[in-house]
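The structure appears below as structure tokens.
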2 protein chains.
Amino acid sequence: MNEPTAISTYFKEAMTENRNLTEKQKQILEASLSLFAEKGFANTTTADIAEKAGVAEGTVYKRYANKQELLVAIIEPFRDSILPRMANDFGKTRVNLPVNTLREFLTNVVSDRMHFVMGNLSVIKVMMEAILYHPELRINLVGTGAKSIESIFGPAITQLKAKHLIADIPNDMVFQIIVSNFLGALYRAFLGLPARDVDEQVTYIVDALDRGLRPSI
Amino acid sequence: MNEPTAISTYFKEAMTENRNLTEKQKQILEASLSLFAEKGFANTTTADIAEKAGVAEGTVYKRYANKQELLVAIIEPFRDSILPRMANDFGKTRVNLPVNTLREFLTNVVSDRMHFVMGNLSVIKVMMEAILYHPELRINLVGTGAKSIESIFGPAITQLKAKHLIADIPNDMVFQIIVSNFLGALYRAFLGLPARDVDEQVTYIVDALDRGLRPSI
DNA sequence: TCATAAAGTGAGTGAAAACTCACTCACTAA
DNA sequence: TTAGTGAGTGAGTTTTCACTCACTTTATGA
């Protein structure tokens with residue numbers, strides 16, 4: 001059971017691949033990402049970004065017409081390539097494995113996503129801010145995200161239902177009940193509450209979900 | 001089963017009671033809260049606040065030395081009186097009711113808190129922003145919040161354990177698994193995913209939690 | 001090798017927003 | 001009646017910060 005690929009890895013990949021970014025432009029995007037995560041978009045100045053990236057402020061504006069475009073430049077590859085790709089990888093390696101029990105399915109999925117979430121706190125924070133305070137970005141991001149996830153998770157859950165391995169409750173609620181637990185772990189970390197080992201959390205959560213979502217008969 | 005008291009009601013109460021705020025100062029705090037919720041702290045100008053409160057910009061600075069202090073003035077009564085009081089009310093009216101089954105307990109708690117969360121989206125947004133991007137406020141707020149909740153929930157869960165109505169897993173995990181579901185519903189709403197009636201969500205969640213947290217034997 | 005373009009620079013600019021302060025005025029208490 | 005008080009005012013000041021542009025450096029290809 002390997003660690004899931006970190007978002008930053010996908011991020012660097014996406015940058016290398018499809019766009020002709022210079023080294024400095026990449027540094028600018030990476031600095032933006034890390035500063036937005038740390039202080040929030042509005043509390044980050046373009047001077048901060050330039051300094052952290054080790055470039056002049058003018059360089060930031062060579063490619064990105066304004067600050068907002070920096071956020072877009074981070075969110076866009078995310079929406080267009082990273083999210084679908086992650087969903088796909090996740091689908092192949094975790095969701096669509098052949099399973100004989102709900103517990104097996106849950107163990108695959110929960111363990112993987114919990115490590116994923118805990119290993120990507122800062123990027124997730126930026127996405128959360130974008131969703132909360134940049135409605136123009138929300139629509140796209142949420143739409144694509146929901147679609148990606150639905151296309152991977154939906155069939156898997158439907159299949160579990162066919163095999164009578166999971167209770168007959170609507171897919172969106174199955175999904176919500178599972179994902180809620182990732183949010184719970186996320187907030188535990190953000191809030192700085194007493195930490196608990198991820199694998200330990202996974203054990204308790206899988207256990208509760210297994211019994212909670214199993215068919216009643 | 002009444003709607004839980006809205007946060008804004010507690011907020012107005014707290015303002016009336018304990019501090020010697022003039023009418024205008026109250027208007028300033030109320031305007032701040034609603035603008036911060038709508039646009040975020042950083043995207044709200046003191047001119048906006050003054051206009052919405054119907055006062056001169058200078059009036060804002062009469063009591064609050066700077067913009068940050070406005071946020072503190074909102075969070076502070078929250079931490080000192082609103083949160084403890086909410087926890088207390090919630091404890092009396094929902095948590096510490098005599099119950100014979102886990103399902104009864106969960107129905108009381110989940111239904112109440114789900115309505116609470118869904119009825120207070122905008123205030124919760126402000127708190128979330130404060131926690132995510134104002135570390136100096138986080139420590140206090142989270143500490144007090146955690147303590148309030150622990151003091152109410154802890155004994156109740158311990159009691160359920162004594163009566164063998166709930167599985168023997170650590171209190172913090174019981175708590176996390178339950179609260180996760182409120183976060184899930186919160187995000188469903190924030191993201192603008194296809195809505196689902198709150199009471200319907202409650203039914204599914206209570207069902208899953210009941211079976212998930214019941215003792216195995 | 002050099003012309004031309006592309007990338008990078010950083011001091012400078014202006015607008016917006018935070019914050020100040022000399023003043024007003026309703027109210028109170030002597 | 002009046003002196004005193006302090007909340008409230010809003011024009012004015014200062015600061016911050018996104019953004020510009022004339023210039024320098026680096027890369028390219030003829």
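Below, each value reflects all heavy atoms present in this structure, side chains not excepted, and no hydrogens, waters or symmetry copies. In what follows, chains carry the letters A, B, and so on, assigned in the order in which the sequence lines appear, proteins first and then strands, with residues in each chain numbered from 1. Just so we're clear, the structure is a prediction, and the values are computed from it rather than from any experiment.
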- First-last contacting nucleotides on DNA chain C - partner chain B, under 4.0 angstrom, heavy atom: C:dA17 to C:dT20
- Query: With no hydrogens and no angle check, is any side-chain donor or acceptor of A:T158 less than 3.5 Å from a backbone partner on A:G154?
  - Reply: yes
- Task: Please work out which of the three classes, parallel, tilted or perpendicular, describes the rings of B:Y187 and A:Y187, given edges at 30° and 60°.
- Result: tilted
- In whole angstroms, the gap separating C1' of D:dC17 from CZ of A:F41 amounts to 12 Å
- Task: Select base, sugar-phosphate, or nothing to describe what A:V55 touches, counting heavy atoms under 4.0 Å on all strands.
- Result: sugar-phosphate
- Query: Contact class for B:K62 vs. all strands (heavy atom < 4.0 Å): base, sugar-phosphate, or nothing?
  - Reply: base
- Query: Just by distance, with hydrogens left out, do B:Y10 and B:D89 show a side-chain donor and acceptor under 3.5 Å apart?
  - Reply: yes
- Query: Is there a side-chain contact (heavy atoms from CB on, under 4.5 Å) between A:V99 and A:L160 once you walk through the steps?
  - Reply: CA-CA 9 Å; A:V99 292; A:L160 286 170; 4.1 Å; yes
- Quick one: A:E57 CD to D:dT16 P, roughly how many Å, whole number? 14 Å
- Message: Tell me if a side-chain donor or acceptor on B:K39 pairs with a main-chain N or O of B:T44 at a distance below 3.5 Å.
- Response: no
- Message: Between A:S111 and A:N108 (side chain of the first, backbone of the second, donor and acceptor by atom type, cut-off under 3.5 Å), is there such a pair?
- Response: no
- Query: When the distance from CD of B:E51 to P of D:dT9 is rounded to whole Å, what number comes out?
  - Reply: 14 Å
- Under 4.0 angstrom, heavy atoms only, what part of the nucleic acid is B:T59 near: base, sugar-phosphate, or nothing? base
